[in-house]
Amino acid sequence: MNNLVKLAEIFEVSLDKLVLGKEDETVAESESAVNKKTEKQMNGWEFLVNYWWMLFPLGGLVLWFLRSLADIFH
(Lines give C-alpha, C1' and ligand atoms only; values in the text may rest on other atoms or scores of the structure.)
Protein backbone atom coordinates (compact mmCIF):
# COMPACT_ATOMS: atom_id res chain seq x y z
CA MET A 1 0.00 0.00 0.00
CA ASN A 2 2.85 2.39 0.85
CA ASN A 3 4.41 1.77 -2.56
CA LEU A 4 1.13 2.61 -4.27
CA VAL A 5 0.94 5.88 -2.37
CA LYS A 6 4.54 6.70 -3.35
CA LEU A 7 3.86 5.86 -7.00
CA ALA A 8 0.77 8.07 -6.97
CA GLU A 9 2.87 10.93 -5.59
CA ILE A 10 5.63 10.39 -8.16
CA PHE A 11 3.23 10.33 -11.11
CA GLU A 12 1.07 13.05 -9.55
CA VAL A 13 -2.16 11.08 -9.96
CA SER A 14 -4.79 9.95 -7.50
CA LEU A 15 -4.85 6.40 -6.18
CA ASP A 16 -8.14 5.82 -8.00
CA LYS A 17 -6.50 6.73 -11.29
CA LEU A 18 -3.40 4.63 -10.53
CA VAL A 19 -5.20 1.50 -9.36
CA LEU A 20 -8.62 1.57 -11.02
CA GLY A 21 -8.01 3.83 -13.99
CA LYS A 22 -10.82 6.15 -12.83
CA GLU A 23 -10.34 9.86 -12.49
CA ASP A 24 -11.76 11.78 -9.59
CA GLU A 25 -14.61 13.96 -10.94
CA THR A 26 -13.38 17.12 -9.20
CA VAL A 27 -9.85 16.62 -10.52
CA ALA A 28 -11.15 15.99 -14.04
CA GLU A 29 -13.31 19.11 -13.91
CA SER A 30 -10.45 21.30 -12.67
CA GLU A 31 -8.09 19.90 -15.32
CA SER A 32 -10.65 20.55 -18.06
CA ALA A 33 -11.09 24.13 -16.77
CA VAL A 34 -7.32 24.64 -16.87
CA ASN A 35 -7.15 23.20 -20.40
CA LYS A 36 -9.95 25.51 -21.57
CA LYS A 37 -8.16 28.48 -20.05
CA THR A 38 -4.88 27.64 -21.79
CA GLU A 39 -6.60 26.92 -25.12
CA LYS A 40 -8.06 30.42 -25.51
CA GLN A 41 -6.59 32.51 -28.27
CA MET A 42 -4.09 35.19 -27.45
CA ASN A 43 -5.10 38.78 -28.17
CA GLY A 44 -2.70 41.50 -29.29
CA TRP A 45 -1.96 42.84 -25.82
CA GLU A 46 -1.19 39.40 -24.44
CA PHE A 47 1.12 38.81 -27.39
CA LEU A 48 2.96 42.08 -26.70
CA VAL A 49 3.27 41.25 -23.01
CA ASN A 50 4.80 37.86 -23.82
CA TYR A 51 7.00 38.87 -26.75
CA TRP A 52 7.95 42.54 -26.15
CA TRP A 53 11.63 41.60 -26.25
CA MET A 54 11.30 40.65 -29.92
CA LEU A 55 11.02 44.36 -30.76
CA PHE A 56 14.76 44.80 -30.22
CA PRO A 57 16.03 42.19 -32.72
CA LEU A 58 13.33 43.13 -35.23
CA GLY A 59 14.18 46.83 -34.87
CA GLY A 60 17.85 46.05 -35.37
CA LEU A 61 17.06 44.02 -38.47
CA VAL A 62 14.94 46.82 -39.94
CA LEU A 63 17.65 49.41 -39.21
CA TRP A 64 20.32 47.20 -40.77
CA PHE A 65 18.17 46.68 -43.86
CA LEU A 66 17.42 50.40 -44.24
CA ARG A 67 21.10 51.34 -43.83
CA SER A 68 22.17 48.79 -46.41
CA LEU A 69 19.53 50.16 -48.82
CA ALA A 70 20.80 53.68 -48.18
CA ASP A 71 24.38 52.55 -48.93
CA ILE A 72 23.29 50.93 -52.20
CA PHE A 73 21.45 53.98 -53.51
CA HIS A 74 24.05 56.58 -52.46
Side-chain angles (χ1 to χ4, degrees):
M1 189 64 170
N2 289 334
N3 288 338
L4 286 175
V5 172
K6 288 179 185 178
L7 282 173
E9 289 174 356
I10 290 171
F11 292 120
E12 297 178 356
V13 296
S14 66
L15 283 173
D16 288 337
K17 175 72 175 172
L18 185 67
V19 176
L20 303 174
K22 295 182 184 178
E23 287 193 39
D24 187 19
E25 290 178 14
T26 57
V27 171
E29 288 174 3
S30 66
E31 286 178 359
S32 66
V34 168
N35 288 339
K36 286 180 185 177
K37 191 178 236 185
T38 57
E39 289 176 4
K40 76 173 193 156
Q41 289 187 341
M42 187 182 307
N43 66 26
W45 289 113
E46 289 172 344
F47 181 81
L48 283 176
V49 166
N50 291 330
Y51 298 106
W52 63 268
W53 56 271
M54 288 295 292
L55 293 174
F56 295 108
L58 288 175
L61 182 66
V62 168
L63 286 175
W64 171 80
F65 182 72
L66 291 176
R67 286 182 182 161
S68 57
L69 280 179
D71 291 341
I72 291 172
F73 291 114
H74 278 93

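These values consider heavy atoms only, across backbone and side chains, with no hydrogens, waters or symmetry-generated copies. Computed from a predicted model, the values in this text were never measured in an experiment.
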If hydrophobic clusters are built from ILVMFWY residues whose side chains come within less than 4.5 Å, do [X] and [Y] share one?
X	Y	answer
F11	L15	yes
V49	M54	no
F65	L61	yes
I72	L66	no
V13	M1	yes

Tightest non-hydrogen contact, residues E46 and Q41, listed as OE1-O, 4.0 Å
Rounded distance (nearest 0.5 Å) linking atom [atom1] of [X] with atom [atom2] of [Y]:
X	Y	atom1	atom2	answer
K17	E12	NZ	CD	14.0 Å
L58	L63	CG	CG	11.0 Å
W64	L69	CH2	CG	9.0 Å
E9	L7	CD	CG	9.5 Å

Heavy-atom distance under 4.5 Å between the side chains of W53 and Y51, does that happen here? yes
